[in-house]
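First comes the structure, then the notes that go with it.
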Amino acid sequence: MTKVEQVKLPVYVINKYKNKPIWVAKDIDGNVVTFEGCISTNLPCDYSNAHDFIIAQLIKVDSISKFVNQIGFETETMQLFRDFTKNNRNLSYWENLATNWFGAKWMMEA
């Protein structure tokens, strides 16, 4: 998978998680994954939140420049890390990134 324009969740995934308090996205390899948001749930999730999900994707790629190219980030790489650091505890920032970069969808509104 390369850019967010190519990220679409399959209908069966949307139907499976519809109205549940979790996020669903496609990871850097195109696999469907889940993570919790502000609402804790007892549903099994692949990641605890959007922050963990995005950092795991960066680690998976194992190259900052490849990651930046894959997500379509258009400013300097150091700016990405400045933003990451500045917003470390801002869960809505990470959820927005997951939505923009990985097609994440909050299933309570699906």
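Along the sequence shown, residues carry numbers from 1.
Following chains of ILVMFWY side-chain contacts shorter than 4.5 Å, one cannot reach M108 starting from L91, and the two form parts of different hydrophobic clusters. A continuous path of hydrophobic side-chain contacts links I14 to Y12 [ILVMFWY only; heavy atoms under 4.5 Å].
Between W94 and T99, every side-chain heavy-atom pair lies at or beyond the 4.5 Å cut-off. The shortest distance between side-chain heavy atoms of P10 and K26 falls below 4.5 Å. L80 is listed as a side-chain neighbour of V68, based on a closest heavy-atom distance under 4.5 Å.
Atom CZ in F102 sits 11.0 Å away from atom CG in N100 (nearest 0.5 Å).
Not counting sequence neighbours, E36 has no partner by the side-chain hydrogen bond (donor to acceptor under 3.5 Å, both in side chains) test. Applying the side-chain contact (heavy atoms from CB on, under 4.5 Å) rule to L43 yields the partners K20, P21, I22, T41; only residues at least two apart in sequence or on another chain are considered. D46 pairs by the side-chain hydrogen bond (donor to acceptor under 3.5 Å, both in side chains) definition with T34, not counting sequence neighbours. For T85, there are no side-chain hydrogen bond (donor to acceptor under 3.5 Å, both in side chains) partners, not counting sequence neighbours.
The aromatic rings of F67 and W101 sit perpendicular, their planes meeting at an angle over 60°, well past the 30° parallel limit. The aromatic rings of W23 and F35 sit parallel, their planes meeting at an angle under 30°, below the 60° perpendicular limit.
Note on residues 95-110: no pairs pass salt bridge (Lys or Arg N to Asp or Glu O under 4.0 Å), not counting sequence neighbours.
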When the side chains of residues 51-60 are checked against the rest of the protein, which donor-acceptor pairs come out under 3.5 Å, sequence neighbours left out?
residue : atom : partner : partner atom : Å
H51     : NE2  : N88     : OD1          : 3.1
D52     : OD2  : S48     : OG           : 2.2
Q57     : OE1  : I28     : N            : 2.9
Q57     : NE2  : Y47     : OH           : 3.4
Q57     : NE2  : F53     : O            : 3.2
K60     : NZ   : D27     : OD2          : 2.7

